[in-house]
Amino acid sequence: MPELPEVETIKRELDKTIVDKKIVDVIVYNPKVIKEPKKEKFIKELKNVKIEKIIRKGKLLILGLSSGKFLTVHLRMTGQLIYPGDAKKSRVSFKLSNGKFIDFNDSRLLGELRLIDDWQNLKFIKELGPEPFEINVKQFQEMLKNRKTKIKVLLLDQKFISGVGNLYAVEALFSSRIDPRRPANSLSNKETELLFKEIKRILLLAIKHGGSSVDDYVKVSGKKGDYMRFIKVYGRKGEKCYKCKGKIERISLGGRGTYFCPNCQK
DNA sequence: AATGGGACCTGCGCGC
DNA sequence: TGCGCGCAGGTCCCAT
């Protein structure tokens with residue numbers, strides 16, 4: 001699932017491949033993924049427009065265009081951006097001035113494309129919490145102080161902190177040895193400090209390795225990320241904990257699958 | 001504020 | 001083998 005490291009990986013690849021290229025045509029195979037404006041206007045306003053820069057905010061990609069508008073891309077679960085694409089099984093394909101395509105694939109159709117005047121006015125952006133790299137440990141501790149929500153659920157809340165998804169939340173809690181069910185305000189200063197450090201360490205390590213290809217995520221090149229070999233608990237229900245040889249359990253928290261080692265995480 | 005549920009979606013893996 | 005079902009998770013939305 002694309003989280004901050006996966007989206008950042010894509011951002012960096014787009015910087016190298018499609019920035020400064022012009023969109024000459026837009027082919028819409030499934031208009032469902034276009035949230036605004038309507039398909040016809042979407043196509044018309046993207047033609048003959050240059051892609052000037054790529055911005056990432058949390059898990060959202062924002063393409064700055066020469067028209068002054070912005071194309072936002074949220075991959076949700078199964079979205080992919082592929083370059084060069086084949087414009088065959090995509091949902092929307094953008095033909096560039098060099099004749100190549102950048103494809104937006106999305107098997108589950110949960111992804112979102114928007115062509116808008118000002119991305120900073122998006123509700124999603126206005127409500128977005130800070131990224132872990134934008135705050136210090138004191139601020140993180142302050143944010144947790146009065147929250148009774150389970151720590152795992154809070155880490156997934158993009159309004160609280162942005163960029164962390166299910167996989168990295170679970171991994172950070174494991175390496176911090178914190179039980180995901182603990183109320184956020186029950187964590188000691190020492191624990192919150194460790195957790196904060198581990199979140200940042202794991203996100204950075206995952207960026208370094210091009211993200212985790214556990215579901216549909218692939219890089220813009222179509223190649224898989226390489227973080228899977230660092231995964232300690234995610235998806236390992238019933239398997240042996242690498243640390244204590246105990247059994248990894250899977251429970252549901254906030255409707256999300258949550259993997260942890262009951263022996264190591266207290 | 002916390003919590004739990006459904007909705008959106010489709011492909012996959014499971015049990016029978 | 002084939003089929004139906006539940007589940008996967010990011011986000012929004014609603015009810016309590």
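The chains referred to below are lettered A, B, ... by the order of the sequence lines, with proteins before strands, and numbering in each begins at 1. These numbers come from a predicted model, not from an experiment.
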What distance do A:Ile62 atom CD1 and A:Trp119 atom CH2 have between them, rounded to the nearest 0.5 Å? 4.5 Å

Looking at A:Arg250, does any N or O in its side chain come under 4.0 Å of the phosphate oxygens OP1/OP2 on C:dA8? yes

Any side-chain N or O of A:His74 less than 4.0 Å from the OP1 or OP2 oxygen of C:dG10? no

Using a cut-off of 4.0 Å on non-hydrogen atoms, how would the nucleic acid contact of A:Gly254 be classed: base, sugar-phosphate, or nothing? nothing

5′-ward residue of the pair A:Lys32/A:Asn146 relative to DNA chain B: A:Asn146

For the pair made of OH in A:Tyr217 and C1' in C:dG10, what is the distance, rounded to whole Å? 17 Å

Salt bridge or not between A:Lys247 and A:Glu239? Use side-chain N to carboxylate O under 4.0 Å. no

Whole angstrom is fine here: how far is it from CD1 in A:Ile251 over to P in C:dG9? 13 Å

Would you please confirm or rule out a distance under 4.0 Å between OP1 or OP2 of C:dC12 and any side-chain N or O of A:Lys159? yes

Please give, in whole Å, the distance from B:dC9 C1' to A:Leu75 CG? 15 Å

Ignoring backbone atoms, establish whether A:Lys148 has a side-chain N or O less than 4.0 Å from OP1 or OP2 of B:dT3. no

Which base, if any, makes a Watson-Crick or G-U wobble pair with C:dG4, both distances under 3.5 Å? B:dC14

Atom pair distance, as rounded to whole Å: CD in A:Gln80 and C1' in B:dG11: 13 Å

Quick one: is A:Arg76 getting a side-chain N or O under 4.0 Å of the B:dC9 phosphate, OP1 or OP2? no

State plainly whether the residues A:Glu142 and A:Lys145 are in salt-bridge range, i.e. N to O under 4.0 Å. yes

Can you label the angle between the A:Phe124 ring and the A:His74 ring as parallel, tilted or perpendicular, going by 30° and 60°? perpendicular

For C:dG10, does either OP1 or OP2 sit under 4.0 Å from a side-chain N or O belonging to A:Gln158? no

From C:dT11, C:dG10, B:dA1, nucleotide with atom closest to A:Phe124 side chain: C:dT11

With a 4.5 Å limit on heavy-atom distance, are the side chains of A:Ser162 and A:Lys57 in contact? no

Whether A:Thr149 contacts B:dA2 is assessed here as follows: a side-chain N or O lying under 4.0 Å from the phosphate OP1 or OP2. Is that the case? yes

Picking from C:dC13, B:dA1, C:dG10, the nucleotide nearest the side-chain atoms of A:Lys123 would be C:dC13

Whole angstrom is fine here: how far is it from NZ in A:Lys89 over to C1' in B:dG11? 12 Å

Any N/O donor-acceptor pair, A:Arg108 side-chain to B:dG11 base, under 3.5 Å: no

Could you check which of B:dG11, B:dC9, B:dA1 has an atom nearest any side-chain atom of A:Leu110? B:dC9

In whole angstrom, what separates A:Glu36's CD from C:dC12's P? 13 Å

Check this one for me: any side-chain N or O of A:Tyr234 less than 4.0 Å away from OP1 or OP2 of C:dG9? yes

Find which nucleotide of DNA chain C each of A:Glu112 and A:Asp215 is nearest to by heavy atoms, and output the residue with the more 5' nucleotide. A:Asp215

Quick one: A:Phe160 CZ to B:dA2 C1', roughly how many Å, whole number? 14 Å

To the nearest angstrom, the CZ-C1' distance between A:Arg114 and C:dG10 comes to 13 Å

Candidates C:dG10, B:dG11, B:dT3 - which lies nearest the side chain of A:Asn166: C:dG10

A:Arg181 and A:Phe260: side chain to side chain contact (heavy atoms under 4.5 Å, CB included), yes or no, with the steps? CA-CA 10 Å; A:Arg181 297 167 292 192; A:Phe260 71 113; 3.5 Å; yes

